[in-house]
Amino acid sequence: MNPLRIGNFSGFYGDRSAALREMLTGGEVDVLTGDYLAELTMLILARDRLKDPSAGYARTFPRQLEDCLGLARERGVRIVTNAGGLDPAGLAGEIRRLADRLGIPVRVAHVEGDDLTAAHPGTLAAHAYLGGFGIAECLRAGADVVVTGRVTDAALVTGPAAAHFGWRPDDHDALAGAVVAGHVLECGTQATGGNYAFFTEGDVRRPGFPLAEIHADGSSVITKHPGTGGFVDVGTVTAQLLYETGGARYAGPDVTARLDTVRLGPEGPDRVRIEGVRGEAPPPTLKVGLNRLGGFRNEVVFVLTGLGIEAKAALVREQLADALAKSPPSEVRWELVRTDRADADTEETASALLRLVVRDPEQRVVGRALSGAAVELALASYPGFHVLAPPGKGAPYGVLEEVYVPYVGAAHVAVLHDGRRIPVPPPRHTRPLAAVPDPPLPEPLPPGPTRRAPLGLVVGARSGDKGGNANVGVWARSEDAWRWLAHTLTADAFRRLIPESRDLPVTRHLLPNLRAVNFVVEGILGAGVAAQARFDPQAKALGEWLRSRHLDIPEALL
């Protein structure tokens with residue numbers, strides 16, 4: 001049987017609008033997937049829906065589709081997307097109206113059952129992460145376009161693959177292979193050189209979007225359309241495989257994929273084969289993301305220039321102490337960022353930033369009383385007083401929480417293009433998650449001379465967020481570098497290199513097939529990205545910070 005060619009045209013809400021047309025015209029493809037939903041996106045859509053009940057889905061997708069629906073129909077390419085967000089039925093209806101207006105005969109189906117908001121009072125949105133078999137039902141019934149709400153990102157690939165190859169829920173190895181391929185595709189151009197540690201090794205000014213050639217056994221080849229920008233190699237695929245993962249067991253509602261069984265290998269220019277993936281029964285519960293308002297926050301950034309930076313910062317803190325004491329916010333955070341240099345040749349590089357962030361359940365506590373007190377210092381504080389922007393009245397922020405419910409708690413349903421509703425049963429077999437024991441370490445490198453140098457000269461890294469936690473995947477590009485990395489970059493060494501993590505739980509997972517270690521840092525992002533608890537709220541650059549840190553590296557590796 002020929003492989004199923006599944007491409008991606010969107011990795012987030014706001015991705016390149018021309019990508020759908022580029023993927024339709026750039027080469028052969030059978031199915032195109034669009035991923036629009038991140039944890040933060042669900043909160044944004046929920047807040048939009050408060051103002052407009054019809055605003056629960058990605059508004060950009062119908063505009064993309066209007067330009068390409070006829071082309072997709074002409075070429076027989078099916079489209080599967082989670083752009084339905086909080087209202088997949090609403091988006092499916094809009095697409096039908098669009099198709100009628102354009103005179104294009106298109107069968108549109110959708111998947112529902114993820115919305116559990118009514119069962120979780122006090123949340124703006126509570127959505128279960130469904131699997132791919134609802135999508136598969138829609139495609140088997142002949143849908144040209146399938147719209148979902150909150151499914152796992154990989155479900156956009158497992159659903160079409162299960163429909164095409166006739167996989168059943170117990171075909172765990174094949175499903176696990178598709179999950180891994182789906183995880184590589186889900187973030188679009190991150191698999192083709194975007195956001196890549198060794199980005200200078202190719203032309204990544206406009207990377208092409210990735211596609212997977214999936215085979216009946218679940219193995220796949222990751223590639224891209226000929227002539228498009230960027231590049232695909234074992235490194236770019238490894239980087240994306242490690243993104244936003246934890247241990248060796250990568251759990252989902254269709255299957256638990258064993259990342260420690262993944263084998264990667266080059267198969268020609270811009271082609272990487274994924275094989276050997278083993279799967280296990282999924283866990284006995286579904287993950288549900290709860291989005292709620294956490295309160296209100298306000299921020300002021302004071303610019304401190306030239307001499308006496310520490311004294312200037314101390315003066316501001318003392319001057320604002322009374323304003324903060326009159327109606328104390330529940331959280332006050334000061335941070336002095338020393339971006340200044342001595343004898344600087346520009347004013348900007350002579351300046352440091354003093355950042356004040358306050359949070360409270362009440363808007364008035366973080367609002368005008370605080371901003372007024374900050375503004376009143378304009379002529380009465382340190383020399384050179386100014387701020388990056390005037391403080392506002394306080395803005396709401398969100399909090400993400402994860403809970404787990406039985407599969408029967410979510411009525412997973414495929415709503416076919418003809419209106420029929422097909423219930424999707426829960427998996428017959430489940431398996432509780434348990435940590436995989438660490439594999440044996442490789443032989444250490446023999447002793448030899450070392451040099452103090454940045455870690456990133458030897459390894460790549462990619463980092464991301466999962467709720468309040470962050471992961472940092474680090475991989476070596478040679479066997480010798482792996483032998484050194486596995487023995488050197490322990491959890492304790494990570495804590496020393498990343499001081500923010502020193503008082504937090506840090507777990508290291510070894511993935512020898514990928515020559516990688518993956519670190520999970522619990523709580524470093526507070527209540528999640530929407531709470532903006534740190535400078536880099538999604539931990540996107542945490543891996544690059546780690547690569548910039550210096551340690552003693554064997555000269556043989558440099």
Side-chain angles (χ1 to χ4, degrees), residues 3-12 15-16 19-20 22-23 26-27 29 31-36 38 80-82 152-158 160-161 177-214 218-245 250 257 259 262-275 277 460-464 471 473-475 477 511 513-514 516 518 540 543-544:
L4 178 67
R5 294 159 299 190
I6 302 180
N8 173 279
F9 67 87
S10 176
F12 69 100
D15 211 343
R16 188 190 307 169
L20 180 54
E22 291 171 7
M23 290 301 289
V29 66
V31 178
L32 285 176
T33 64
D35 184 0
Y36 290 77
V80 179
T81 179
N82 60 17
T152 64
D153 300 336
L156 301 178
V157 171
T158 61
V179 163
V180 170
H183 182 54
V184 173
L185 294 188
E186 69 184 55
C187 289
T189 55
Q190 280 197 169
T192 58
N195 300 352
Y196 182 51
F198 305 105
F199 66 96
T200 59
E201 296 181 356
D203 184 356
V204 296
R205 289 174 295 176
R206 189 180 174 87
F209 277 68
L211 63 92
E213 299 169 355
I214 300 181
S219 65
S220 63
V221 172
I222 304 299
T223 184
K224 64 186 184 69
H225 283 330
T228 56
F231 59 101
V232 178
D233 64 16
V234 170
T236 66
V237 174
T238 300
Q240 181 55 28
L241 268 180
L242 295 171
Y243 182 63
E244 295 183 345
T245 59
Y250 186 64
L259 298 183
V262 177
R263 296 198 305 271
L264 304 179
E267 197 180 81
D270 292 318
R271 293 177 64 83
V272 173
R273 174 168 288 280
I274 301 176
E275 57 189 355
V277 186
R462 178 164 286 166
S463 55
N471 94 290
V474 184
W475 78 94
R477 303 210 287 178
L511 298 168
N513 282 5
L514 301 176
N518 194 25
K540 295 290 189 182
E544 286 301 291

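All residue numbers refer to positions in the sequence shown, counting from 1.
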Checklist line | Beyond-backbone contact of L156 with T81, side-chain heavy atoms, under 4.5 angstrom | finding: no

Notebook entry, point to check: Distance-only, no hydrogens or angles: does the S463 side chain make a donor-acceptor pair with backbone N or O of K540 under 3.5 Å?
Noted result: yes

Checklist line | Point-to-point distance, once rounded to the nearest 0.5 Å, from CD1 of I6 to CG of L32 | finding: 9.5 Å

Margin query: Within the structure provided, determine whether V262 and N513 are in side-chain contact (heavy-atom separation under 4.5 Å).
Written below: no

Margin query: Looking at every heavy atom in both G7 and L211, which two are closest together, and how far apart are they?
Written below: CA-CB, 3.6 Å

Margin query: How close do V474 and L242 get, counting heavy atoms only, and between which atoms?
Written below: N-CD1, 4.1 Å

Note to self: Just so I know, are the side chains of F231 and D203 near enough to count as touching, which here means a heavy-atom distance under 4.5 Å?
What the structure shows: no

Margin query: Do E213 and R271 have side chains that approach each other closer than 4.5 Å (heavy atoms only, starting at C-beta)?
Written below: yes

Note to self: Looking at Q190, is its backbone amide N or carbonyl O close enough to the side chain of R462 to form a donor-acceptor pair, meaning the two atoms are under 3.5 Å apart?
What the structure shows: yes

Check: CE/M23 to OG/S10 distance, rounded to the nearest 0.5 angstrom?
Finding: 12.0 Å

Notebook entry, point to check: Is the side chain of T192 donor-acceptor paired with the backbone N or O of V232 at a distance under 3.5 Å, no angle test?
Noted result: no

Next item on the list: Working to the nearest 0.5 Å, report the span between CZ of F9 and CG of D35.
Entry: 9.5 Å

Check: Is there a side-chain contact between N8 and E186 (heavy atoms, below 4.5 Å)?
Finding: no

Item checked: Heavy-atom side-chain proximity of I222 to Q240 below 4.5 angstrom -> no

Notebook entry, point to check: Minimum heavy-atom separation for A181 to I214, with atom names?
Noted result: CB-CD1, 4.2 Å

Margin query: Working to the nearest 0.5 angstrom, can you tell me the gap between L264 CG and L241 CG?
Written below: 6.0 Å

Checklist line | Reported CD-to-CG distance for the pair E544 and N195, which is rounded to 0.5 angstrom | finding: 9.5 Å

Note to self: Tell me if a side-chain donor or acceptor on H183 pairs with a main-chain N or O of Y243 at a distance below 3.5 Å.
What the structure shows: yes

Note to self: Does the plane of the ring in Y196 sit parallel, tilted or perpendicular to the ring in W475? Use 30° and 60° as the thresholds.
What the structure shows: parallel

Note to self: Assess, by modelled atom type and distance only, whether the side chains of N518 and N471 contain a donor and an acceptor separated by less than 3.5 Å.
What the structure shows: yes

Next item on the list: Any chance you could measure H225, atom NE2, to R5, atom CZ, to the nearest 0.5 Å?
Entry: 9.5 Å

Next item on the list: Looking only at non-hydrogen atoms, find the nearest pair between L4 and P160 and report the distance.
Entry: CD2-O, 3.7 Å

Next item on the list: Determine yes or no for a side-chain-to-main-chain donor-acceptor pair under 3.5 angstrom, with T223 supplying the side chain and P210 the backbone.
Entry: no

Next item on the list: For atom CZ of F198, decide whether the heavy atoms of other residues, nucleotides or ligands shown that lie under 6.0 angstrom number more than 12.
Entry: yes

